[in-house]
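Here the structure comes first, spelled out in structure tokens, and everything after it is commentary.
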Amino acid sequence: MAEKTVKIPGPDHPITVEKNPDRVVVKVGDRVIADTRNALSLQEANYPAAQYIPREDVDFTQLERTQHQTYCPYKGDASYYTVLPDAENAVWTYEQPYDAVADIRDHVAFYPDKVSIEITP
């Protein structure tokens, strides 16, 4: 098995993780999946910021882990969850993130094209 490339964020590919001071609510239809005032906003290069929500603020009874996995050389191995019944692989998490983004451990993020993410003061 080939070794995975590990990259460190820098000027060519910056990554910042900061506490989001706002409330973040994630819904599918009218169902609340997550509600927190403790989200972390991860800004990576030119990508839209992703909201990482603490696991304790997520209703895992509405999620089911999948076999899907991806790899990011800056963050590590990602695992996925489906929001039941059919928002497949709508949630990802880095259970053992690399040191540069260690703050996102024990957090999950949601694809905004699969769920509704509301951010309010």
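For the single chain, residues carry numbers from 1 onward in sequence order.
- When side chains are defined from C-beta on, Pro73 does not count as touching Val6, because their heavy atoms never get closer than 4.5 Å.
- One finds the CD1 atom of Ile119 at 7.0 Å from the CG atom of Asp22 (value rounded to the nearest 0.5 Å).
- Taking hydrophobic clusters as Ile, Leu, Val, Met, Phe, Trp and Tyr residues chained together by side-chain heavy-atom distances below 4.5 Å, Val58 shares a cluster with Val115.
- For the atom pair CG of Asp103 and CG of Asp106, the computed distance is 11.0 Å after rounding to the nearest 0.5 Å.
- The same ILVMFWY cluster, assembled from side-chain heavy atoms under 4.5 Å apart, contains both Val17 and Tyr52.
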Under the side chain to side chain contact (heavy atoms under 4.5 Å, CB included) criterion, do Val101 and Tyr94 qualify, and how do the steps go?
-> CA-CA 9 Å; Val101 294; Tyr94 291 92; over 6 Å; no

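- Residues Val91 and Thr93 form no side-chain contact, since every pair of their non-hydrogen atoms from C-beta on lies 4.5 Å or further apart.
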Quick one: do Lys75 and Ile104 satisfy side chain to side chain contact (heavy atoms under 4.5 Å, CB included)? Show the steps, please.
-> CA-CA 9 Å; Lys75 296 186 290 290; Ile104 65 171; 4.3 Å; yes

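- Within 6.0 Å of atom CG in Asp99, 12 or fewer heavy atoms from other residues, nucleotides or ligands are found, so the atom counts as exposed in its surroundings.
- Gln51 and Ala39 make their closest contact through OE1-CB, 4.2 Å (heavy atoms, listed as atom of the first residue, atom of the second, distance).
- For the residue pair Pro14 and Pro11, the shortest heavy atom distance occurs at CD-O, 3.7 Å.
- Looking at every heavy atom in both residues, Glu95 comes nearest to Arg105 through O-NH1, 3.1 Å.
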Given Thr36 and Asn20, is the side chain to side chain contact (heavy atoms under 4.5 Å, CB included) satisfied, shown in steps?
-> CA-CA 10 Å; Thr36 189; Asn20 183 338; over 6 Å; no

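- Residues Tyr81 and Arg65 meet the side-chain proximity criterion, which asks for heavy atoms closer than 4.5 Å.
- Both Ile117 and Ile33 sit in one connected hydrophobic cluster of ILVMFWY residues. Membership requires side-chain heavy atoms under 4.5 Å apart, directly or through other members.
- By the 4.5 Å heavy-atom criterion applied to side chains, Val32 and Asp59 are not counted as neighbours.
- To the nearest 0.5 Å, atom CG of residue Leu40 and atom CG of residue Leu42 are 8.5 Å apart.
- Of the inter-residue distances, the one linking Lys19 atom NZ with Ser41 atom OG reads 11.0 Å to the nearest 0.5 angstrom.
- At most 12 heavy atoms of other shown residues, nucleotides or ligands fall within 6.0 angstrom of atom CZ in Arg23.
- In this structure, Gln62 and Arg31 have side chains that are in contact, with non-hydrogen atoms separated by less than 4.5 Å.
- Using a 4.5 Å heavy-atom cutoff, the side chains of Ile53 and Val24 are in contact.
- Contact check for Thr82 versus Glu88: side-chain heavy atoms found under the 4.5 Å cut-off.
- One finds the CG atom of Asp12 at 11.5 Å from the CD1 atom of Ile8 (value rounded to the nearest 0.5 Å).
- Between Arg55 and His107, the closest side-chain pair of non-hydrogen atoms is not below 4.5 Å.
- If you check the side chains of Tyr80 and Thr70, you find a donor sitting under 3.5 Å from an acceptor.
- Listed for the Tyr98 side chain is no donor-acceptor partner under 3.5 Å among the backbone atoms of Lys7.
- The residues Asp77 and Lys4 are annotated as salt-bridged, a charged nitrogen and a carboxylate oxygen being separated by less than 4.0 angstrom.
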